[in-house]
Amino acid sequence: MTTALRSFASDNTAGVHPEVLAAIQAANAGDAPAYGDDPWTGRAVARFRAELGERTEVCFVFNGTGANVVGLQTALRPWQAVICADTAHINVDECGAPERLTGAKLLAVRTADGKLRPADVEGQLRGIGVEHHVQPRVVSITQATEYGTVYTVDEVRALADVAHRHGLVLHMDGARIANAAASLDVPLRALTADAGVDVLSFGGTKNGVLVGEAVVVFDPALARDLRFIRKQGMQLASKMRFVAAQYDALLADGLWRRSAAHANRLARRLADGVRDVPGVAITQPVEANAVFATLPPAQIAALQARFHFYVWDERRSEVRWMTHFATTEADVDGFVRAVRETAMEPRPAAGIAG
């Protein structure tokens with residue numbers, strides 16, 4: 001029987017990348033100014049600007065929800081609204097924090113693959129200027145999406161164009177932006193600043209960082225109050241050097257890309273390994289580090305007795321399998337064998353109604 005050596009539940013289950021851990025350890029020497037006035041934060045911000053543009057404003061925060069809330073607050077007033085996919089993390093997995101803390105409403109659009117299209121945005125532009133209705137202000141997209149699909153550069157630009165044409169701001173939840181950029185083999189800037197993104201939540205914890213994300217603002221007008229919003233949102237770390245040192249390491253020498261490309265490659269290996277298994281159907285394109293599939297409920301239960309992963313949609317019997325920087329080929333091959341073995345196991349006969 002295959003042993004559950006590795007979880008396929010989430011890229012959050014991975015440990016810290018050794019190079020990132022070494023950077024934290026190196027920062028743990030002597031005294032340093034607090035609240036970001038330290039050399040590590042200065043170097044990390046410089047690396048972000050080298051990747052994304054010199055006009056970039058960067059603020060480190062504690063977590064992804066904090067990054068999304070702080071980033072959205074730069075653009076929102078309480079009577080305004082955010083257009084997003086119904087699967088968006090801000091809509092499903094943040095316990096209402098964006099709505100509570102910004103005061104704004106989320107306008108969730110149903111999509112088949114987690115991706116918004118320009119027509120989806122235009123379909124929400126109703127009641128403009130009418131005081132009885134919330135006023136759309138932000139379009140928020142996730143890169144890569146919660147379904148593991150990836151917006152191309154042209155798709156991001158098209159959404160930026162429609163947003164800007166109507167006076168809206170484009171926010172990107174980039175929890176897995178490294179996986180998206182690696183998948184498309186493009187620079188981070190091509191998917192963000194150069195494609196018209198105004199505010200970016202840059203994720204690292206799903207790509208080898210211990211703790212902390214970054215809010216990146218490309219529009220100077222939106223960046224004006226960023227630091228006050230972060231402080232009031234309880235997202236300002238006193239010992240900032242330990243958050244920043246991780247990003248100094250992640251953005252150095254392409255570590256972010258190597259780690260993400262590895263995870264993406266192993267997700268494709270997993271999908272290719274199970275694609276011809278009877279009863280298993282891949283439901284989304286495998287473009288980043290996630291594999292979505294449907295399979296019989298009894299087989300799901302048999303696999304979950306040996307491996308940890310989540311059921312994404314119980315009604316469809318759809319599951320999500322994730323890989324990360326520390327997943328190995330042996331981990332994936334062992335899981336694929338288990339999928340094949342459980343597909344061949346006899347199932348209980350269905351009862352016959354009397």
Problem set entry | ILVMFWY clustering at 4.5 Å (side-chain atoms), partners of Leu226 | Val61, Val70, Leu72, Leu76, Val82, Ile90, Leu106, Val138, Val169, Val199, Val215, Val217, Leu222, Ile229
For this session: Measure from the side-chain N and O atoms of Glu213 to the backbone N and O of Gly204, and report whether any donor-acceptor pair falls under 3.5 Å.
Result: yes
For this session: Report the C-alpha separation of His171 and Asp198 in whole Å, then their side-chain angles, then the decisive distance to 0.1 Å, and conclude whether the side chain to side chain contact (heavy atoms under 4.5 Å, CB included) test is met.
Result: CA-CA 6 Å; His171 166 258; Asp198 299 297; over 6 Å; no
Problem set entry | salt_bridge(Arg117, Glu122) N-O dist < 4.0 Å | no
For this session: Apply side chain to side chain donor-acceptor pair (under 3.5 Å) to Thr65 and Asn68, showing your working.
Result: CA-CA 5 Å; Thr65 297; Asn68 284 334; 5.8 Å; no
For this session: For His262 and Asn289, test the side chains for any donor-to-acceptor distance below 3.5 angstrom and give the result as yes or no.
Result: no
Exercise. Quick one: side-chain contact (heavy atoms from CB on, under 4.5 Å) partners of Ser317, sequence neighbours excluded?
Worked result: Pro297, Ile300
Exercise. At their closest point, which heavy atom of Ala23 faces which heavy atom of Ala245, and how far apart are they?
Worked result: CB-O, 3.6 Å
For this session: State, with a plain yes or no, whether a side-chain heavy atom of Tyr151 is found less than 4.5 Å away from one of Leu116.
Result: yes
Exercise. Any sub-3.5 Å donor-acceptor pair from Gln25's side-chain atoms to Ala22's backbone N or O?
Worked result: no
For this session: Give the C-alpha distance, both sets of side-chain angles, the deciding distance and a yes or no for side chain to side chain donor-acceptor pair (under 3.5 Å) between Gln284 and Thr149.
Result: CA-CA 7 Å; Gln284 294 290 340; Thr149 51; 5.4 Å; no
Problem set entry | Heavy-atom check, side chain of Thr294 versus side chain of Ile282, under 4.5 Å | no
For this session: Decide yes or no on salt bridge (Lys or Arg N to Asp or Glu O under 4.0 Å) for Glu94 and Arg100, but give the supporting numbers first.
Result: CA-CA 10 Å; Glu94 294 184 351; Arg100 182 185 182 198; over 6 Å; no
For this session: May I ask you to decide whether Arg230 forms a salt bridge with Asp225, counting only side-chain N to carboxylate O separations under 4.0 Å?
Result: no
Exercise. How long is the gap from CG on Asp185 to CZ on Arg257, to the nearest 0.5 Å?
Worked result: 5.5 Å
Problem set entry | Glu146-His89 side chain donor-acceptor pair, cut-off 3.5 Å | no
Exercise. Hey, are Asp161 and Arg157 close enough for a salt bridge, meaning a charged N less than 4.0 Å from a carboxylate O?
Worked result: yes
Problem set entry | Test side chain to side chain donor-acceptor pair (under 3.5 Å) applied to Thr342 and Gln299, step by step | CA-CA 6 Å; Thr342 53; Gln299 187 179 6; 3.1 Å; yes
For this session: Taking the side chain as every heavy atom from C-beta outward, state whether Thr13 and Met322 have any atom pair closer than 4.5 Å.
Result: no
Exercise. Would you find a donor on one side and an acceptor on the other, under 3.5 Å apart, between the side chain of Gln135 and the backbone of His133?
Worked result: yes
For this session: Determine the interplanar angle of the Trp321 and Phe309 rings, folded into 0 to 90°, and report it as parallel if under 30°, tilted if 30 to 60°, perpendicular if over 60°.
Result: perpendicular
Exercise. In terms of side-chain geometry, is the basic nitrogen of Arg189 or Glu51 positioned less than 4.0 Å from the acidic oxygen of its partner?
Worked result: no
Problem set entry | Residues Asp120 and Lys115 bridged, charged N to O under 4.0 Å | no
Exercise. Stepwise, does the side chain to side chain contact (heavy atoms under 4.5 Å, CB included) test hold for Lys206 with His324?
Worked result: CA-CA 8 Å; Lys206 292 176 169 60; His324 50 67; over 6 Å; no
Problem set entry | Basic-acidic side-chain contact under 4.0 Å: Arg258, Glu19 | yes
Exercise. Val319 versus Leu295: any side-chain heavy-atom pair under 4.5 Å?
Worked result: yes
For this session: Would you please test Asp272 and Arg269 for salt bridge (Lys or Arg N to Asp or Glu O under 4.0 Å) and show each step?
Result: CA-CA 5 Å; Asp272 291 343; Arg269 184 183 183 97; over 6 Å; no
Exercise. Quick one: are Leu188 and Trp256 in side-chain contact, heavy atoms under 4.5 Å?
Worked result: yes
Problem set entry | Plane angle bin for Tyr247 and Phe202 - parallel if under 30°, tilted between 30 and 60°, otherwise perpendicular | perpendicular
Problem set entry | With Asp38 via side-chain contact (heavy atoms from CB on, under 4.5 Å) - residues at least two apart | Ala32, Pro33, Trp40, Thr41, Met240, Arg241
Problem set entry | Inter-residue atom distance Arg268.CZ - Thr323.OG1, 0.5 Å rounding | 9.5 Å
Exercise. Does the side chain of Ser183 come under 3.5 Å of the side chain of Asn264 through a donor N or O and an acceptor N or O?
Worked result: no
Seminar exercise, completed: With His17 as partner, the option from Leu255, Leu250, Asn207 fulfilling side-chain contact (heavy atoms from CB on, under 4.5 Å) is Leu255
